[in-house]
Amino acid sequence: MAHKLSIFRGLVTFKSNIQKIWGVLVFLSIVTAIEVALGIIKPSVLLTPVLGMKGLNWIFIILTLVKAYYIAWDFMHLRDEKRSFTSSIVLPLLILIPYLMFILLVEADYIYNVMLDGFVSWNF
Amino acid sequence: MEATTDIVENESVWGGGNKPLNASYGKMMMWFFIVSDALTFSGFLVAYGFSRFKNIDSWPIADEVFYHFPFLHGIDAPMYYVALMTFILIFSSVTMVLAVDAGHKMQKTKVAIYMLLTIIGGAIFVGSQAWEWKNFIQGEYGAVETKGGQILQFVTADSGERVALESFASTLPTDRSQHTGDEGIWFVSEPSLPTYSLAEVQEGFLANPNLLIKTEMIDAATGHKIVLDRAASEAKIAQAMYVVEGANLVRNEYGNRLFADFFFFITGFHGFHVFSGVVINCIIFFNVLLGTYDRRGHYEMVEKVGLYWHFVDLVWVFVFTFFYLV
């Protein structure tokens, strides 16, 4: 079975599939280390809100998605599957999950404001 | 769309067995199971996000809840342990890919060794999670809950560090003991009592002027929980209704009730996936040893359980982010 051995859009190419696995492990470990370091240090520059959430949280979420991409593409070798098979797996998730998130988080924010501005005391 | 133009020739297309999209039936079904499971997990995580956004100014701060590390008792080490767990799981994913790769080359011994390493990694992860749960359920400091369901924690006035109930609660003479089913009416009983009664905590708090109350509310400017001054603390302690030690599904000493519920539910559901993954890996491991796949001529079964195993790793990456980092 032929494996596609390039990651980062062809920037890094490995000689064998095993080497690629170790390469991806190193990359995932670096990303995790960055996440943990940022989580411990919490640089104050990154704590300012960007688009309704702390900048640091956006970084965490983006790094998580990066990790998820490499786990799915290289460990679960979606990179080696037919394009249509990959799409039939990824597209439902890419469409449904952000949709659900959008609806529930907007609703939660609304409820938060109702509880904040309402005439009922929640703290007693 | 190259797959849709695949033409199967000289083969019966009515009995199944041909490969749409160039994936075998079993592998495709594993993938579609993973898609549905991914949607289940996203449902849970989005529900968590819902509760969190709803209580955005009072949700517990992860660093103040998860700070234990084995053999480092009393040292504040947030994040390190879960980071280690994450690394263990990613590493066991790597040994799984190596097993699949060895399977492609029909190297039976290598597949067996890598499968064994994967199983060990999974077992360590499940054990770590059990330890994490133990700490979470046991709690370390204790707190009180008000009538409105708010958790009040105790800190010292000078250093701002958390204070355990046992270090300040006074001892009052009392005859109160747990009401069990074998005393009195058989169908009336109560859960175990907290170590200190509410009156003992309140009296100990009033007697110790160095104590302040830390509320659930987060100061938007600093990102820390708001600590009341002494006068407000003395007024607040009078509103307490329960002594809370550790966590269960009803109340927990860390803050919002939903926090512990989601923690138990999401990490529990994930832990159950890891556990079942370990069991399935064991079955496949013994099949490899018995030579089942050698005789079958391919190791695709290893690849299929591998997909499941990587999925478990993938979910953990998200649980890690949303429970411990964000």
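Here is how names work: the chains are called A, B, and so on, in the same order as the sequence lines, proteins then strands, and each is numbered from 1. As the structure is a prediction and not an experimental result, all values here were calculated from the model.
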If every non-hydrogen atom of [X] is compared with every non-hydrogen atom of [Y], which pair is closest and at what distance?
X       : Y       : value
L325(B) : N57(A)  : O-OD1, 4.4 Å
I97(A)  : S42(B)  : CD1-OG, 3.3 Å
Y112(A) : F53(B)  : CB-O, 3.6 Å
I90(B)  : F75(A)  : O-CE1, 4.4 Å
A68(A)  : L314(B) : CA-CD1, 3.4 Å
M76(A)  : L307(B) : CE-O, 3.4 Å

Which of the residues [options] is involved in the greatest number of heavy-atom pairs with chain A at under 4.5 angstrom?
options                          : answer
D57(B), T146(B), N55(B), D313(B) : D57(B)
R52(B), K147(B), M96(B), Q239(B) : K147(B)
I56(B), I34(B), V46(B)           : V46(B)
T215(B), V100(B), L39(B), V94(B) : V94(B)

Between [X] and chain B, with a heavy-atom cut-off of 4.5 Å, which part of the residue counts as in contact: side chain, backbone, both or neither?
X      : value
L63(A) : neither
L96(A) : side chain
K42(A) : side chain

Which value, rounded to the nearest 0.5 Å, describes the distance between [X] atom [atom1] and [Y] atom [atom2]?
X      : Y       : atom1 : atom2 : value
D74(A) : S93(B)  : CG    : OG    : 11.5 Å
L65(A) : T321(B) : CG    : OG1   : 8.5 Å
I21(A) : T95(B)  : CD1   : OG1   : 10.0 Å
T86(B) : K67(A)  : OG1   : NZ    : 6.0 Å

Flag side-chain contact, heavy atom, 4.5 Å: [X] against [Y]:
X       : Y       : value
K27(B)  : E81(A)  : yes
E107(A) : K54(B)  : no
V36(A)  : F320(B) : yes
F50(B)  : I111(A) : yes
W31(B)  : F85(A)  : yes

Side chain, backbone, both or neither: which part of [X] has a non-hydrogen atom closer than 4.5 Å to chain A?
X       : result
D63(B)  : side chain
M28(B)  : both
F311(B) : both
K105(B) : side chain
L45(B)  : neither

Once you measure the plane-to-plane angle for W22(A) and F91(B), does it fall in the parallel (<30°), tilted (30-60°) or perpendicular (>60°) bin? tilted
For the [atom1] atom on [X], are there more than 12 heavy atoms of other groups (residues, nucleotides or ligands in this structure) within a distance under 6.0 Å?
X       : atom1 : answer
K225(B) : NZ    : yes
F102(A) : CZ    : no
Y110(A) : OH    : no

Do you know which of N113(A), I103(A), L116(A), T64(A) has the most heavy-atom pairs under 4.5 Å to chain B?
->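 The residue among N113(A), I103(A), L116(A), T64(A) with the greatest pair count is T64(A).
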If you tally heavy-atom pairs under 4.5 Å between each of L28(A), T32(A), I40(A) and chain B, the highest tally belongs to I40(A)
